[in-house]
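Presented below is the structure to which this report refers.
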Amino acid sequence: MVHPHEKLPKSTGAHAAILGGNISMSRVEDHPVYDPETTMVLYPGEGALTARELLEIGQLPQRVVVIDSSWNKSNGVLIREPVGKLRRIKLETSVSAFW
């Protein structure tokens, strides 16, 4: 999911879509439809669970929405529907390799 003020060609998601198989890209203003029972957004914060925690309770998502925007603009994506209504999944604690 890309913020409306960021360009698709500059985003990491374009590369992931080419390499990753069942991946699609959309912008918030495209208003994609997600089932909140089977879809989660990858984003840290209150209430976010790891995949390990979700597996333990038998609630792994069928689809994960990844926000592909700068950190400053990611909250602008997160607060909009339909993303804002989704439960959150987070990465396990690890060392980041920010480039």
Side-chain angles (χ1 to χ4, degrees):
M1 181 71 57
V2 181
H3 190 278
H5 296 128
E6 294 189 321
K7 297 179 183 176
L8 286 175
K10 295 179 77 176
S11 68
T12 308
H15 302 83
I18 293 169
L19 299 173
N22 190 15
I23 296 174
S24 62
M25 293 188 60
S26 60
R27 293 182 168 282
V28 174
E29 65 268 22
D30 294 339
H31 305 290
V33 177
Y34 299 120
D35 179 356
E37 294 296 318
T38 60
T39 306
M40 296 180 82
V41 61
L42 178 64
Y43 202 85
E46 187 177 331
L49 299 173
T50 66
R52 183 185 323 261
E53 292 168 325
L54 290 165
L55 182 61
E56 289 172 359
I57 60 174
Q59 292 187 8
L60 281 176
Q62 294 176 9
R63 174 182 288 169
V64 175
V65 174
V66 178
I67 298 174
D68 188 21
S69 294
S70 67
W71 191 248
N72 290 336
K73 293 198 183 340
S74 65
N75 195 48
V77 174
L78 187 66
I79 62 173
R80 295 179 187 212
E81 291 201 31
V83 180
K85 298 252 185 210
L86 300 176
R87 295 174 298 145
R88 294 182 186 185
I89 186 171
K90 64 181 177 180
L91 299 175
E92 296 274 347
T93 303
S94 63
V95 177
S96 176
F98 183 81
W99 59 79

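The basis for the numbers below is simple: all heavy atoms, side chains too, and nothing from hydrogens, waters or symmetry mates.
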- prompt: According to the ring pair (Phe, Tyr, Trp, His ring centres under 6.0 Å) rule, which pairs have a member within residues 44-66, sequence neighbours left out?
  reply: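 For residues 44-66, and leaving out neighbouring residues, there are no ring pair (Phe, Tyr, Trp, His ring centres under 6.0 Å) pairs at all.
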
field: Pairwise side chain to side chain donor-acceptor pair (under 3.5 Å) hits with a residue in residues 51-62, at least two apart
entry: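 Every side chain to side chain donor-acceptor pair (under 3.5 Å) pair that includes a residue of residues 51-62, provided the two are not neighbours, is Thr50-Glu53, Arg52-Glu92, Gln59-Arg87.
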
message: With side chain to side chain donor-acceptor pair (under 3.5 Å) as the rule and sequence neighbours excluded, what pairs involving residues 35-48 come up?
response: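 Sorted result for residues 35-48: Tyr43-Ser74.
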
- prompt: Honestly curious: do Leu91 and Ile57 fall in one hydrophobic cluster under the side-chain, below-4.5 Å linking rule?
  reply: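 Yes, one cluster joins them.
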
task: Look at the side-chain heavy atoms of Ile, Leu, Val, Met, Phe, Trp and Tyr, link any pair under 4.5 Å apart, and say whether Trp71 and Val65 land in one connected group.
output: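 Yes, it is one cluster - the side chains of Trp71 and Val65 are joined through contacts under 4.5 Å.
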
- prompt: Can you name the side-chain hydrogen bond (donor to acceptor under 3.5 Å, both in side chains) partners of Arg88, sequence neighbours left out?
  reply: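 Here no residue qualifies.
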
query: Do Val64 and Val41 have side-chain heavy atoms sitting under 4.5 Å apart?
result: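 Not in contact.
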
message: Quick check: do Leu42 and Ile67 have side-chain heavy atoms less than 4.5 Å from each other?
response: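 Heavy-atom side-chain distance check fails, nothing below 4.5 Å.
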
message: If I compare all heavy atoms of Ala48 with all of Lys90, which pair ends up nearest, and what's the gap?
response: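 Between these two residues, the closest heavy atoms are O-CE, 3.4 Å.
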
field: Closest non-hydrogen atom pair, Leu86 against Pro36
entry: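 Scanning both residues completely, I find the closest heavy atoms to be CD2-CA, 3.9 Å.
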
- request: Under the side chain to side chain contact (heavy atoms under 4.5 Å, CB included) rule, collect the residues that match up with Leu60, sequence neighbours excluded.
  value: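 By the side chain to side chain contact (heavy atoms under 4.5 Å, CB included) rule, Leu60 matches Ala51, Leu54, Leu55.
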
